[in-house]
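So you know, we letter chains A, B, ... as the sequences are listed, proteins then strands, and number each from 1.
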Amino acid sequence: MSIIQGIGARVIAQIQEMGAMVLFLLRSFGWLFRPPFRLFQITKQMHFVGYKSTFVVILTALFTGMVLALQGYYSLRKFGSEGLLGSAVALSMIRELGPVLAALMVTARAGSAMTAEIGIMRITEQIDALETMAINSLQYLITPKMVASLISLPLLVALFDVVGIGGGYLVGVKLLGISGGSYWSSIESAVEWKDVYGGILKSISFGLIISWVCCYKGYFTKMSAEGLGKATTESVVLASVLILVWDYFLTSVLL
Amino acid sequence: MERGKLEFVVGLFVLVGILCLGYLAIKLGKLELVSGDYYELTADFSSSSGLKKGASVEIAGVEVGRVKSIVLNEDQAQVVLAIEEGITVYNDAIASIKTRGIIGEKFMGLSPGGAGDLLSKGGTIVDTESGIDLEQVISQFIHGNVE
């Protein structure tokens with residue numbers, strides 16, 4: 001009897017949490033269309049989520065592109081078609097690795113900080129102070145972060161793709177000696193608008209997932225240092241898992 | 001950080017990001033924002049097997065356009081070609097589907113002709129050659145029906 005009761009309580013708690021998350025998202029977006037519009041807050045968040053992530057994104061993109069070229073060369077050489085290396089690097093970069101890896105890097109760098117920042121504000125009762133001053137905390141804290149992530153992620157992913165393809169060029173052409181012309185022409189003949197569009201769509205949805213999960217976990221953190229640590233861990237893990245799962249579904253729909 | 005500097009670096013970030021997006025979309029994705037410099041020709045093939053939308057159209061090995069669409073039209077494959085403005089094609093031109101290498105992609109080879117009248121926008125190339133069905137050729141060879 002108590003086992004069944006335990007299962008029931010778990011399920012109800014989970015469903016309640018999911019409902020709370022959806023309500024949180026809808027409320028935050030609702031505040032986007034109501035004045036005062038806090039444009040400078042959005043700029044500030046874009047500085048944090050977007051601009052400050054460029055270095056780590058460029059670094060990971062460069063090495064991802066380089067290792068893709070190395071691995072691709074190794075397997076394509078077995079069929080004597082090293083000329084296709086460019087398209088192999090560019091397609092896997094644009095369709096899959098760019099959006100996913102950039103989103104994971106942003107989760108680790110900016111998402112965790114979002115949770116910690118909002119969580120600290122909750123614990124030190126700064127959020128309550130905002131409400132006391134008749135400033136809606138969702139509009140002041142959460143909405144700018146979501147908008148900034150939605151704009152920044154596609155831009156970061158585009159940067160990731162371009163740098164990654166450049167990294168593939170460095171290794172494939174300069175190091176392994178494939179002709180530069182065949183590298184670029186195989187990219188141009190293989191990549192279609194559909195691929196680029198799919199990547200952009202993915203990156204926008206990942207931006208939503210990151211800001212949504214990380215802000216939610218921070219906003220509803222438990223009122224203790226331990227609770228904040230747990231909230232930060234949970235937000236990074238949940239956001240990363242959601243990105244990978246959602247990536248699979250989106251790919252299967254877009255294909 | 002002061003406000004002006006912060007806005008500057010964010011603007012820089014957005015600009016670089018949009019440049020990268022534009023490069024991916026227009027250069028690699030072949031997204032056509034303005035489609036002014038092309039005119040269309042149609043050609044009917046008995047089979048357009050393997051030819052894809054976006055495949056290149058070549059005259060003497062030089063790319064002069066792309067395959068815009070392939071639809072079925074009364075048992076025939078109607079292929080619409082977008083040819084660069086300034087390339088002249090005559091009505092005795094021959095359009096043939098060719099393969100790059102033995103397992104390469106299919107593309108459209110055009111020999112522009114020269115004796116007849118000039119084909120204008122929306123004109124039809126009458127003389128067409130469908131691609132070689134490699135499997136059929138091999139099976140003919142194996143079963144000894146080669147003449």
Side-chain angles (χ1 to χ4, degrees), chain A residues 39-55 57-58 61 79-81 83-84 86-87 90-91 93-95 98 102 148 151-166 184-200 203-204, chain B residues 1-35 38 50-58 61-70 82 84 97-109:
Chain A
L39 287 179
F40 184 62
Q41 288 296 325
I42 295 177
T43 315
K44 233 170 144 179
Q45 291 304 324
M46 280 188 68
H47 177 254
F48 179 68
V49 178
Y51 173 74
K52 283 195 169 173
S53 301
T54 44
F55 177 70
V57 160
I58 286 174
F79 311 104
S81 41
L84 292 173
S87 61
L91 278 182
M93 218 56 188
I94 291 172
R95 292 187 59 95
I151 301 172
S152 300
L153 250 278
L155 301 177
L156 284 173
V157 167
L159 189 68
F160 194 104
D161 292 344
V162 171
V163 173
I165 291 170
W184 291 116
S185 76
S186 78
I187 290 180
E188 284 186 20
S189 65
V191 177
E192 291 172 33
W193 167 237
K194 195 179 69 182
D195 304 318
V196 180
Y197 166 79
I200 296 171
S203 61
I204 294 175
Chain B
M1 195 185 282
E2 64 182 276
R3 188 169 169 147
K5 198 179 166 202
L6 190 138
E7 283 173 342
F8 173 76
V9 291
V10 171
L12 196 73
F13 163 70
V14 171
L15 219 66
V16 170
I18 287 177
L19 272 181
C20 292
L21 264 184
Y23 173 74
L24 289 176
I26 294 164
K27 188 86 201 328
L28 300 187
K30 272 89 68 183
L31 179 69
E32 280 171 26
L33 296 176
V34 278
S35 55
Y38 291 90
L51 191 71
K52 291 204 179 73
K53 201 176 142 185
S56 61
V57 178
E58 297 181 356
V62 180
E63 193 178 308
V64 295
R66 292 190 173 275
V67 171
K68 200 176 173 199
S69 69
I70 302 169
E84 281 172 28
I97 296 173
K98 292 179 176 166
T99 313
R100 223 183 286 282
I102 199 144
I103 53 164
E105 43 164 13
K106 292 269 200 293
F107 68 100
M108 174 84 59

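Environment of OH in A:Tyr51: sparse, with no more than 12 heavy atoms of neighbouring residues, nucleotides or ligands closer than 6.0 Å.
For A:Ser81, no part sits under 4.5 Å from any heavy atom of chain B, backbone or side chain. Contact annotation for A:Glu188: both backbone and side-chain heavy atoms come within less than 4.5 Å of a heavy atom of chain B. In this structure, the portions of A:Lys44 lying under 4.5 Å from any heavy atom of chain B include both its backbone and its side chain. For a residue to count as touching a neighbouring chain, one of its non-hydrogen atoms must lie under 4.5 Å from one of that chain's; by this rule A:Thr43 touches chain B with backbone and side chain alike. In this structure, chain B has no heavy atom under 4.5 Å from any part of A:Ile151. Contact annotation for A:Leu84: neither backbone nor side-chain heavy atoms come within less than 4.5 Å of a heavy atom of chain B. Of the atoms belonging to A:Val191, heavy atoms from both backbone and side chain fall under 4.5 Å from chain B.
Counting all heavy atoms, side chain and backbone alike, A:Ala158 lies closest to B:Gly17 at CB-O, 4.0 Å. Counting all heavy atoms, side chain and backbone alike, B:Val14 lies closest to A:Leu155 at CA-CD1, 3.8 Å. The shortest heavy-atom contact between A:Val162 and B:Cys20 is CG2-CB, 3.8 Å.
Contact count against chain A (heavy-atom pairs under 4.5 Å) is highest for B:Leu24 among B:Leu12, B:Ile18, B:Leu24. For the set A:Ile165, A:Val157, A:Leu159, the entry with the most heavy-atom pairs within less than 4.5 Å of chain B is A:Leu159. Between chain A and the residues B:Val10, B:Leu19, B:Val16, the largest count of heavy-atom pairs under 4.5 Å involves B:Val10.
Contact of the B:Glu7 side chain with the A:Phe40 side chain is registered, since non-hydrogen atoms from C-beta on lie closer than 4.5 Å.
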